[in-house]
*Asks:* 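Handing you a structure now.
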Amino acid sequence: MAQRTLLLVLFDGVQSLDATGPMEVFAGAEKRTPGSYRVRTVSLDGGPVRTDSGLSLVPDGPLADAPEPDTLLVPGGEGARNPDPRLLRWLRVHGPRARRLVSVCTGAIPLARAGLLDGRRVTTHWAYCNELAREHPAVRVDPDPIFVRDGNVATSAGVTAGIDLALALVEEDLGRETALAVARYLVVFLRRPANQAQFSARLVARTARRGPLRDVQEWIEGHPDGDLGVEALAARAALSPRHFARAFQAETGTTPGRYVDRVRLEHARSRLEDTAEGIGQVVRASGYGTPEAMRRAFLRTLGVSPAEYRRRFRPAPAG
C-alpha cells in the first residue's frame, strides 16, 4: 500500500478545530495502519500561525517546500474568508495536481477563488453559503448537507463536520473497520450521513412575522403526529388554504409541506437517538403513518434507513 501524503495548509486566522479535527482522524488512521498516511502541515513562510481562537500552531515547513500531496486540505476561519494572494496563487498551480481536494468550513472560499470549484457541487458553513454562491456563480452551493463529494473534490460544513468528512475519507481509503476504530478512539460516531442537515427546521426556515403563522409553526413542532395537511393548518391560522400556503412560504421561505417533512424527520431522529422505542412507536409518534413512509423519508434525506440511523447514533447502554 502506497503511503498517502495529506497536506494541511495553515494560515493566520485559521479555525483551530477545522485543522486539528481532521488531523486527529488521519493521524489515528496512520497509527492503526502504519504507512497509510503521511500528515504534513505548511504555512506561507513556514512560521507559526495564530488561530482565530488565539492558539498558536507550528507547521512542518513553508508552502514553497510542500511535498506534492495525495490529499490537499484547506481549513476555514477568518484567514480563509480573506485569503492571502500568495496562497491563491499556490493553490491555482498545485491544487489540480492533488488526487483529492478537501475543504473544511470556509476553506471552500480560497478553493473557489483559485478557480478549483467551478462546476462542482459543494457546501460550506451555513452562514457563508449565500456569500459563496453569490461571489462564485459557477459553483453549485448546497447549503444543507454536512459534507459533499463531487468527483475528487470533498467539501464540508462548519467545524465538527470536518471530522465526519475525514472519517468518510479514511473509510474510503482503508475500509470501515479502520474508520470505526478511529471513531471509537476519538469517542465520536463513525460518521453522520453526508446528507444530514446542518441545522434544524426552525433554523432552515425563517420565523414567520405574523402571529398566527408563528403559532402554526410552533404547533407543527409540538404535534408532528397531528393532522398537518394544508387545510387543517390553514384553519388554525384562520386563512383559506390557498392564502395560507402563499403566506407561509413568503414568510418562512419554505412550503408548509417541506416544513412538516423536516419537523417529522427531526422528531423521528431524536426518538431513535434518545429512546429505546420500537420503530412502530417512532412511526406513530412522528406522524409517518407507516414504517415504509418513514423509511423512504430517511433514505431520501439522510441516505440511511431508520434502523441503520439508530445503530450509528444511539449510544450503547452502559455496561
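Quick caveat, the model's predicted, so the values are computed rather than measured. These numbers come from the heavy atoms of this one structure, side chains and all, not from hydrogens, waters or symmetry mates.
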*Asks:* To the nearest 0.5 Å, what is the distance between CE on Met23 and CG on Leu6?
*Replies:* 8.0 Å
*Asks:* Measuring from atom CG of Leu10 to atom CG of Asp18, what distance do you get when rounded to the nearest 0.5 angstrom?
*Replies:* 11.0 Å
*Asks:* Residues two or more places apart in sequence or in another chain: which of them pass salt bridge (charged side-chain N to carboxylate O under 4.0 Å, His left out) with Glu78?
*Replies:* Arg81
*Asks:* State whether a side-chain donor-acceptor pair under 3.5 Å links Ser53 with Thr51.
*Replies:* yes
*Asks:* Taking atom CZ of Arg40 as the centre, does the number of heavy atoms from other residues, nucleotides or ligands within less than 6.0 Å exceed 12?
*Replies:* yes
*Asks:* Can a donor-acceptor pair be found between the side chains of His125 and Thr106 at a distance below 3.5 Å?
*Replies:* no
*Asks:* Just verifying a value: how many Å separate Leu233 CG and Asp215 CG, rounded to the nearest 0.5 Å?
*Replies:* 12.5 Å
*Asks:* Taking atom types as modelled, find out whether Gln249 and Tyr259 have a side-chain donor-acceptor pair closer than 3.5 angstrom.
*Replies:* no
*Asks:* Using side-chain contact (heavy atoms from CB on, under 4.5 Å) as the criterion, list what pairs up with Asp225, not counting sequence neighbours.
*Replies:* His223
*Asks:* With no hydrogens and no angle check, do the side chains of Thr41 and Asp60 hold a donor and an acceptor under 3.5 Å apart?
*Replies:* yes
*Asks:* Using a strict 4.0 Å threshold on nitrogen-to-oxygen distance, state whether Arg134 and Glu131 make a salt bridge.
*Replies:* no
*Asks:* With Phe11, which residues qualify under ring pair (Phe, Tyr, Trp, His ring centres under 6.0 Å), at least two apart?
*Replies:* none
*Asks:* Taking salt bridge (Lys or Arg N to Asp or Glu O under 4.0 Å) as the cut-off, I'd like each qualifying pair that reaches into residues 83-93, sequence neighbours left out, listed once.
*Replies:* Asp84-Arg86
*Asks:* Kindly write out the residues that satisfy salt bridge (charged side-chain N to carboxylate O under 4.0 Å, His left out) with Arg140, not counting sequence neighbours, or none if the list is empty.
*Replies:* Asp150
*Asks:* Which residues satisfy the salt bridge (charged side-chain N to carboxylate O under 4.0 Å, His left out) test with Arg210, sequence neighbours excluded?
*Replies:* Glu251
*Asks:* Which residues pass the side-chain contact (heavy atoms from CB on, under 4.5 Å) test with Thr20, sequence neighbours left out?
*Replies:* Leu17
*Asks:* With a sphere of 6.0 Å drawn around CZ of Arg209, does it hold more than 12 non-hydrogen atoms of other residues, nucleotides or ligands?
*Replies:* no
*Asks:* Taking only residues two or more places apart in sequence or in another chain, which ones pass side-chain contact (heavy atoms from CB on, under 4.5 Å) with Ala108?
*Replies:* Ser103, Leu117, Thr124, Leu132
*Asks:* Taking the side chain as every heavy atom from C-beta outward, state whether Val170 and Tyr37 have any atom pair closer than 4.5 Å.
*Replies:* yes
*Asks:* Taking only residues at least two apart or on different chains, which pairs with a member in residues 226-242 satisfy salt bridge (Lys or Arg N to Asp or Glu O under 4.0 Å)?
*Replies:* none
*Asks:* Listed by chain and number, what are the salt bridge (charged side-chain N to carboxylate O under 4.0 Å, His left out) partners of Arg32, not counting sequence neighbours?
*Replies:* none
*Asks:* Should the pair Arg214-Glu218 be classified as a salt bridge under the 4.0 Å nitrogen-to-oxygen rule?
*Replies:* no
*Asks:* For residues 38-94, pull every pair meeting ring-ring contact (aromatic ring centres under 6.0 Å, His included), keeping only residues two or more places apart or in separate chains.
*Replies:* Trp90-His94
*Asks:* Applying ring-ring contact (aromatic ring centres under 6.0 Å, His included) as the test, list every pair that has at least one member in residues 281-302; sequence neighbours left out.
*Replies:* Phe298-Tyr309
